[in-house]
Peer 1: 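Take this structure first; my questions come after.
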Amino acid sequence: MSAAQLAVDPVTAARRLLGATLYGRDVVATVVEVEAYGGPPSGPWPDAAAHSFRGPTPRSAVMFGPAGHLYTYRSHGIHVCANVVCGADGVAGAVLLRAARVIDGCGAAQGRRRAGVAPAAIARGPGNLCEALGITLADNGIDLMDRRSPVRLELNALQEGAAGPRVGVSQAADRPWRFWLADTAEVSAYRRSPRAAAPGDSD
DNA sequence: GGTAAGATCAGC
DNA sequence: CTGATCTTACCT
């Protein structure tokens, strides 16, 4: 039923995901930082920074499907990143999970990261988040709202969030589509992509 | 079939 | 700032 709450535009979905409870493999965490991504030029939310911008491909297919499913991809040949698909079925949109606070299963999470990471940094950053929660490329496409899924999501009450530009994108780099819970130690540091156009240039 | 760029991260 | 490491998508 709560998948319907995600069948909306990426910005609204992103705000609704702040404070959500994410159940990974033997780890439970609270989502504290997200980024909204739109879709192709023909859709309602054109976004040149989105993987779905050039239409459906084998990789981006999941984002054109129903809301509440998981889209995972490999970043820079090294890391796995996780998105929650949003928007109506057939319309591409997604929210990247950037950081979370581990509230249960700290040991399991820490065991997957290299030794010595600070508690606040265990699931900080999209690649680290997936590593800590045990999310892999094999999880691509699963239904996060299905009780039987190995990775699940539960939405909570709407929380106030701060907004700012997205991290690491070279396109639409000024669009304030990154949202986070204020005063949260687990939020990742902002880094503009070295390939982004000069600040102030239009999308 | 070749290749350039990439929604990252850690170490110097 | 740089290197690691590899998949995708677009080009010829």
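Residue numbers start from 1 in every chain, and the chains themselves are labelled A, B, ... in the order their sequence lines are given, proteins ahead of strands.
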Peer 1: Check the pair A/Ser52, A/Tyr37 against side-chain contact (heavy atoms from CB on, under 4.5 Å), reporting the backbone distance first and the verdict last.
Peer 2: CA-CA 9 Å; A/Ser52 54; A/Tyr37 284 89; over 6 Å; no
Peer 1: Kindly write out the residues that satisfy ring pair (Phe, Tyr, Trp, His ring centres under 6.0 Å) with A/His51, not counting sequence neighbours, or none if the list is empty.
Peer 2: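 Testing A/His51 for ring pair (Phe, Tyr, Trp, His ring centres under 6.0 Å), a comparison that skips the adjacent residues, returns A/Tyr73.
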Peer 1: Answer with yes or no whether the hydrophobic clustering places A/Val169 together with A/Val34; edges join I, L, V, M, F, W, Y residues whose side-chain heavy atoms lie under 4.5 Å apart.
Peer 2: no
Peer 1: Anything under 3.5 Å between a donor and an acceptor, one on a side chain of residues 110-125 of chain A, the other on a protein residue two or more places apart or in another chain? List them.
Peer 2:
{"unit_1": "A/Gln110", "atom_1": "NE2", "unit_2": "A/Val117", "atom_2": "O", "d": "3.1"}
{"unit_1": "A/Arg112", "atom_1": "NH1", "unit_2": "A/Arg25", "atom_2": "O", "d": "3.4"}
{"unit_1": "A/Arg112", "atom_1": "NH1", "unit_2": "A/Ala132", "atom_2": "O", "d": "2.6"}
{"unit_1": "A/Arg112", "atom_1": "NH2", "unit_2": "A/Arg25", "atom_2": "O", "d": "2.7"}
{"unit_1": "A/Arg113", "atom_1": "NH1", "unit_2": "A/Ala121", "atom_2": "O", "d": "3.0"}
{"unit_1": "A/Arg113", "atom_1": "NH1", "unit_2": "A/Ile122", "atom_2": "O", "d": "2.7"}
{"unit_1": "A/Arg113", "atom_1": "NH2", "unit_2": "A/Asn128", "atom_2": "OD1", "d": "3.3"}
{"unit_1": "A/Arg124", "atom_1": "NH2", "unit_2": "A/Ala185", "atom_2": "O", "d": "2.6"}

Peer 1: Under 3.5 Å, is there a donor on one side chain and an acceptor on the other for A/Ser188 and A/Glu33?
Peer 2: yes
Peer 1: Applying salt bridge (charged side-chain N to carboxylate O under 4.0 Å, His left out), name anything that partners A/Asp146, two or more places apart in sequence or on another chain.
Peer 2: A/Arg148
Peer 1: Heavy atom of residues 54-76 of chain A under 4.0 Å from DNA chain C: which residues?
Peer 2: A/Arg54, A/Thr57, A/Arg59, A/His76
Peer 1: If you look at every strand shown and take non-hydrogen atoms under 4.0 Å, does A/Ser170 touch a base, only sugar-phosphate, or nothing?
Peer 2: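 Sugar-phosphate, backbone atoms only, no base.
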Peer 1: Quick check: are there more than 12 heavy atoms from other residues, nucleotides or ligands sitting under 6.0 Å from CG of A/Asp26?
Peer 2: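 No, not enclosed.
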Peer 1: Looking at every non-hydrogen atom in both residues, tell me the closest pair between A/Asp174 and A/Asp201 and how far apart they are.
Peer 2: OD2-O, 3.4 Å
Peer 1: Starting at the 5' end of DNA chain C, which residue's closest nucleotide do you reach first, A/Ile78 or A/Leu137?
Peer 2: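 Looking at DNA chain C, the more 5' nearest nucleotide goes with A/Ile78.
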Peer 1: Any heavy-atom pair between the side chains of A/Val32 and A/Leu18 that's under 4.5 Å?
Peer 2: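 No, side chains not in contact.
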Peer 1: Do A/Tyr71 and A/Leu133 sit in the same hydrophobic cluster, where Ile, Leu, Val, Met, Phe, Trp and Tyr count as joined when their side-chain heavy atoms come under 4.5 Å apart?
Peer 2: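 No, no single cluster joins them.
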Peer 1: Please list all pairs meeting salt bridge (Lys or Arg N to Asp or Glu O under 4.0 Å) that have one or both residues in residues 42-53 of chain A, counting only residues at least two apart or in different chains.
Peer 2: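 As it turns out, the salt bridge (Lys or Arg N to Asp or Glu O under 4.0 Å) pairs with a partner in residues 42-53 of chain A, which skip direct neighbours, are A/Asp47-A/Arg166, A/Asp47-A/Arg175.
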Peer 1: Give DNA chain C the dot-bracket treatment, 5' to 3': Watson-Crick (N1-N3 with N6-O4 or O6-N4) or G-U (N1-O2, O6-N3) under 3.5 Å, [ ] crossing, | other strand.
Peer 2: ||||.||||||.
Peer 1: Mind listing the closest non-hydrogen atom pair of A/Pro40 and A/Ala92 along with its distance?
Peer 2: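 That would be CD-CB, 4.0 Å.
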Peer 1: Could you check whether any side-chain heavy atom of A/Val85 comes within less than 4.5 Å of a side-chain heavy atom of A/Phe64, counting everything from C-beta outward?
Peer 2: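 They are not in contact (no side-chain heavy atoms under 4.5 Å apart), so the answer is no.
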Peer 1: So which of residues 29-50 of chain A are in contact with DNA chain C, with a heavy-atom cut-off of under 4.0 Å?
Peer 2: none
Peer 1: What are the bounds, 5' to 3', of the part of DNA chain C that sits under 4.0 Å from heavy atoms of chain A?
Peer 2: C/dC1 to C/dC10
Peer 1: Which residue pairs pass the ring-ring contact (aromatic ring centres under 6.0 Å, His included) test with at least one member in residues 153-181 of chain A, sequence neighbours excluded?
Peer 2: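 Checked against ring-ring contact (aromatic ring centres under 6.0 Å, His included) - neighbours excluded - no pair reaches residues 153-181 of chain A.
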Peer 1: Would you tabulate the side-chain donor-acceptor contacts of residues 153-164 of chain A under 3.5 Å, counting partners in other chains and residues two or more places apart, or write 'none'?
Peer 2:
{"unit_1": "A/Glu154", "atom_1": "OE1", "unit_2": "A/Tyr23", "atom_2": "OH", "d": "3.4"}
{"unit_1": "A/Asn156", "atom_1": "ND2", "unit_2": "A/Gly19", "atom_2": "O", "d": "2.7"}
{"unit_1": "A/Asn156", "atom_1": "ND2", "unit_2": "A/Thr21", "atom_2": "OG1", "d": "3.0"}

Peer 1: With rounding to the nearest 0.5 Å, note down the distance linking CG in A/Asp139 to NE2 in A/His69.
Peer 2: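 Answer for the CG-NE2 pair, A/Asp139 versus A/His69, is 13.5 Å.
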Peer 1: Considering only heavy atoms of chain A and a distance under 4.0 Å, specify the first and last nucleotide of DNA chain B in 5' to 3' order that meet this criterion.
Peer 2: B/dG6 to B/dG11
Peer 1: List the steps and the verdict of side-chain contact (heavy atoms from CB on, under 4.5 Å) for A/Leu129 and A/Leu22.
Peer 2: CA-CA 11 Å; A/Leu129 185 152; A/Leu22 183 62; 4.2 Å; yes
Peer 1: Which residues, if any, of residues 107-131 of chain A bring a heavy atom under 4.0 Å of DNA chain C?
Peer 2: none
